[in-house]
Number of protein chains: 2
Amino acid sequence: MDNNKPDRRVRKTKAILRKTLTKLLMEKDLKDISVLELTDAADINRGTFYLHYKDIYDLFEQIEQETLEDFLNIIVRYKQLDSPVWTAVMLDLFKYISANADIFIAVLNTKESNFLTDVIEISRPKTKQEWHKLFSTGKEEYYEYYYDFFTFGCIALVRSWFMKGMPESCEQMAELIEKLMLSCISGLK
Amino acid sequence: MDNNKPDRRVRKTKAILRKTLTKLLMEKDLKDISVLELTDAADINRGTFYLHYKDIYDLFEQIEQETLEDFLNIIVRYKQLDSPVWTAVMLDLFKYISANADIFIAVLNTKESNFLTDVIEISRPKTKQEWHKLFSTGKEEYYEYYYDFFTFGCIALVRSWFMKGMPESCEQMAELIEKLMLSCISGLK
DNA sequence: ACCAGAAATCAACTGCATGTCTATTATCTG
DNA sequence: CAGATAATAGACATGCAGTTGATTTCTGGT
């Protein structure tokens, strides 16, 4: 029987390490966390850590990667529709973020994180395509700039919302972003 | 005589270390550069490094700090005028950036950098004030979000421009940013 | 319930960068 | 030139990183 599911012990160990790292990341930056500190806090043998990860950055990247995949799955779900509704996608994303707040606090606060830039680069081609449909008369040579401007702006928005303790609802945030996108895109015309 | 200017030897050593670090940062990330590697490349005794800096992050932060001060000086120059011209400030900043390209490549690529967020937080109060003057009817509770969106967007723009090898002129970039600010701000109304 | 395989633990070891210190040499400032 | 100060060379203790081998514990399949 091809049981591709990993051993329960492995799942447990990895889960504990991931959880412990996100907890530690609330207090200090990744660069200041040693493997020993992590495994002590997780009550896991230090050697066991190296059974699964190259170093502490490797572990962090795997956490990022997992979150990224969840994120992309949400987006993909909508991409299959004929006319993806922007606000609906954003709403789902905001819901996912608030449901996984602990991970996102860690990811958004960790300087070494690649999560945000990864999201940006992955969604770039599709988004450019969408924008192109909407504004076929635009200056194409500036598309990249508008895209970078907009996406980083969104990230900042989310981060800011997050750090304030998410006072606005997911719906409000999704609306706000849609509004900003429209006014930003209108510059392309 | 209270000569507060540091010894020539100190100035030389610090300059070499700063220069060498920015050079190394073009190849690899800060976290992967050891003191030994730096001092070897700089042909400086390792002990000498510790005479001036706590660790390699300390050195990097001092480089950031210096650049930040230059940056703020440019902005301050305009803030004293009655009606600061946005495009003119941006133009000067773009010129400063392109003149100090080597440092900015290092700063923009270094994940541990605080430079950008520092610039943002320092200019936040003034900018909010300016925007308030322009759009007194806006929804004040959303100002923070608009500000974060806009400033991070600008940063992304600059980074993108930079990474492409600065194909557009400083003038074009300053114009582009002004345009984006206007369409972004118009959402506040 | 049992067994074979795999994972976790423990202890030990090497290697490397860090940070500190001292004695010595080189350089600067007035 | 002379006193002060910075830079160097070399050595040292320390701590974490990674790896290894022997041992114990747990797990999934039969």
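Chain letters run A, B, ... following the sequence lines, proteins first and then strands; every chain starts at 1. Because the structure is predicted, anything quoted here is derived from the model rather than measured.
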Heteroatom pairs (N/O) under 3.5 angstrom, protein to nucleotides 1-6 of chain C:
{"residue": "dA6(C)", "atom": "N3", "partner": "R9(A)", "partner atom": "NH1", "Å": "3.4"}

Length of the CG-C1' vector between L38(B) and dA17(C), whole Å: 13 Å
What's the separation between atom OH in Y147(A) and atom OG1 in T127(A), rounded to the nearest 0.5 Å? 4.0 Å
How close or far is atom P of dA17(D) from atom OH of Y57(A), stated in whole angstroms? 10 Å
Roughly how many Å is it from NZ in K54(A) to P in dC16(D), rounded to a whole number? 19 Å
Degree of bending, the helix from dA1(C)-dT30(D) to dG30(C)-dC1(D) (end axes from five pairs; round to 10°): 50°
Pairing residues for E175(A) by the side-chain contact (heavy atoms from CB on, under 4.5 Å) criterion, not counting sequence neighbours: none
Take atom CG of D40(B) and atom C1' of dA17(C), then tell me their distance rounded to the nearest Å. 12 Å
Which of dT18(C), dA8(C), dT8(D) is nearest the side chain of R46(B)? It is dT18(C)
Considering only heavy atoms and no angle criterion, is a donor-acceptor pair shorter than 3.5 Å present between the side chain of N45(A) and the base of dA8(C)? no
Drop me the distance from T13(B)'s OG1 to L51(B)'s CG, to the nearest 0.5 angstrom. 9.0 Å
Using the ring pair (Phe, Tyr, Trp, His ring centres under 6.0 Å) criterion, which residues pair with Y53(A)? Sequence neighbours excluded. F49(A)
Return whichever of L51(A) or K12(A) has its heavy-atom-nearest nucleotide of DNA chain D closer to the 5' end. L51(A)
Pairs meeting criterion salt bridge (charged side-chain N to carboxylate O under 4.0 Å, His left out) with involvement of residues 34-55 of chain A, two or more places apart: K28(A)-E37(A)
With sequence neighbours excluded, give me every ring-ring contact (aromatic ring centres under 6.0 Å, His included) pair touching residues 153-183 of chain B. F94(B)-W161(B)
Spacing of R8(A) atom CZ relative to dA8(C) atom P, expressed in whole Å: 13 Å
Where at least one partner belongs to residues 160-172 of chain B, residue pairs that pass salt bridge (charged side-chain N to carboxylate O under 4.0 Å, His left out), sequence neighbours excluded: none
Scan residues 12-48 of chain A for pairs that pass ring-ring contact (aromatic ring centres under 6.0 Å, His included), counting only residues two or more places apart or in two chains. none
Between atom CZ in F49(B) and atom P in dT20(C), what is the gap in whole Å? 12 Å
Check each residue of residues 13-37 of chain B for a non-hydrogen atom within less than 4.0 Å of any atom in DNA chain D, then write out the ones that pass by number, or none. T13(B)
Rounded to whole Å, OH of Y50(B) lies from P of dC21(C) at a distance of 13 Å
Non-neighbouring partners of R9(B) that pass salt bridge (charged side-chain N to carboxylate O under 4.0 Å, His left out), sequence neighbours left out: D7(B)
In whole angstrom, what separates H52(B)'s NE2 from dT5(D)'s P? 14 Å
Kindly state each residue pair satisfying salt bridge (charged side-chain N to carboxylate O under 4.0 Å, His left out) with at least one member in residues 63-76 of chain B, sequence neighbours excluded. R18(B)-E66(B)
Listed once per pair and sorted, the salt bridge (charged side-chain N to carboxylate O under 4.0 Å, His left out) pairs that draw on residues 87-112 of chain A, sequence neighbours left out: R77(A)-D92(A)
